[in-house]
Amino acid sequence: MSAVRLLEILAPRSPMRRSLVLISFLVAACGPAPREGAHGWSSAAPVPSASDRSAAPDVIELDLVAAPHVWTFAPGRSIDGYAYNDSIPGPTIEAHVGDTLVVHFRNELSEPTTIHWHGVRVPHDMDGAPHAQEPVPPGGAFEYRFTLPDEGTFWYHPHANEPEQMERGLYGAIVVRGDDEPVVDTESVVLLDDLLLDASGALAPFGGLLETHGGREGDVQLVNGALTPSIAVRAGERQRWRFVNAGSARIYRLALEGHTFTVLGSDGGPWSVPASATELVLAPGDRLDVLVDVSLSPTASAPLVAEIYERGHGQGVFAPFDVLTLSATSDTPLEALPPVTRTRVLEPLHVEGVTPREITFDESLEGGVITFFVNGETYPDVTPVAATVNEVQVWDLVNLSEMSHPFHLHGFFFQVLSRDGVAVASPTWEDTLELHGEERVRIAFRPDDRPGMWMFHCHILEHAHGGMMGMLELTR
Ligand SMILES: [Cu+2]
């Protein structure tokens, strides 16, 4: 669950409709045709995927190859990375609710890997996680096939040797549209990431006590695989940004100088009503879907700034830095679009009579060894949490440590009921939330009929890799 500082809840009005032209781009810049003169983001060649949507569900089929890749993230600067289809990020997969995705995956890495479809409610054997499938060996292949049941912004990444495979560039976005998308001029996926380099400009070695403890936070800030890009915009235009925090450990707290965001939704799709926010907080794994009405004069610019964010134990305290710069062209401003009035009914789960389960997260440092715990146990030696399909679950997530741990549940969306005993007013659907140091968060979810051994874990990759991972054993 990404946090936002709310200014106001926008009053619901009758929603607008628009026609959809679905084209998948390798990097970003998608959505409906912009008004004349609006500026899209730079992008690589488009890859057609889904057709115009008003009829039956489509099958979106693509080949995806994970392979070594020389990652040039800025002119003259590159590292030995990994990529899907020689692109970092990997191709943006665009679809409509109900479409079927078929991915012919091939592993051309020298190590095993899988693909996890973060946030997509996939069948258990498509989840790409431990207990869901065997890792695909070097030279091996696997076919992922599932429907996309929910509207929203999702992403895909390996669930094997995550700290290294994701740092090297294996991640991409999935955009699933509904029937009633707001009118915008430009739409982009904004994948946030950072790289930790050594003095020679190569990837710094992986591991070590500090990195295991705090997570790997880099000093090179990337948007869609490139170093702090400058984005040409037209004054007055409306941009839709689908943020994904694809970094290993950094929590982003973002503000756009002179602007407020209109937040449309988060992990599990649209909120009940859009909300205005002056800042956005995204923990690793989080997504936020926002509108930006560009209120710049022609030729003026504004930085998207990552502000200081303290996530406990002195971790995550950095000077503010620019994530990207918006630069207005000299074109005359476009007329502002009216507020978005889309609404969605989000029913609260009925949790009366459900006994909460306590799930604790902790860490210890003894004799120079750091150990991570879920309910006092370290993955893979953990006792599964047993549950029955369709049985409402109420979990009290309790962080016994001083550091934030972004909790991620595979397979199912949850609602946050309360934080440290304070009720959360309007429910949203989430798959990731930042569990603050020493915080207690009550969540609820109703696992539908997809039995199996599902994972939940901290999304600081070094922590999950170090054993901060539990299992939900769902049976009929
Ligand atoms: Cu953690």
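Keep in mind that what you see is a predicted model, and the values were worked out from it rather than measured. Both ligands and their constituent atoms are indexed starting at 1 by order of listing.
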* **Considering only N, O or S atoms of H463, the one closest to the Cu ion (ligand 1)** => ND1

* **the Cu ion (ligand 1) contact by H459, N, O or S atom under 2.8 Å** => no

* To do: Identify the residue among H116, H159, H157, H465 that makes a ring-ring contact (aromatic ring centres under 6.0 Å, His included) with H459.
  => H157

* Asked: Parallel, tilted or perpendicular for Y144 and W117, by the 30°/60° rule?
  -> perpendicular

* Looking at P112 and P138, what are the two nearest heavy atoms and their distance? -> N-CD, 4.0 Å

* Taking just the N, O or S atoms of H405, which one is nearest to the Cu ion (ligand 1)? -> ND1

* Asked: Is R106 salt-bridged to D63, cutoff N-O under 4.0 Å?
  -> no

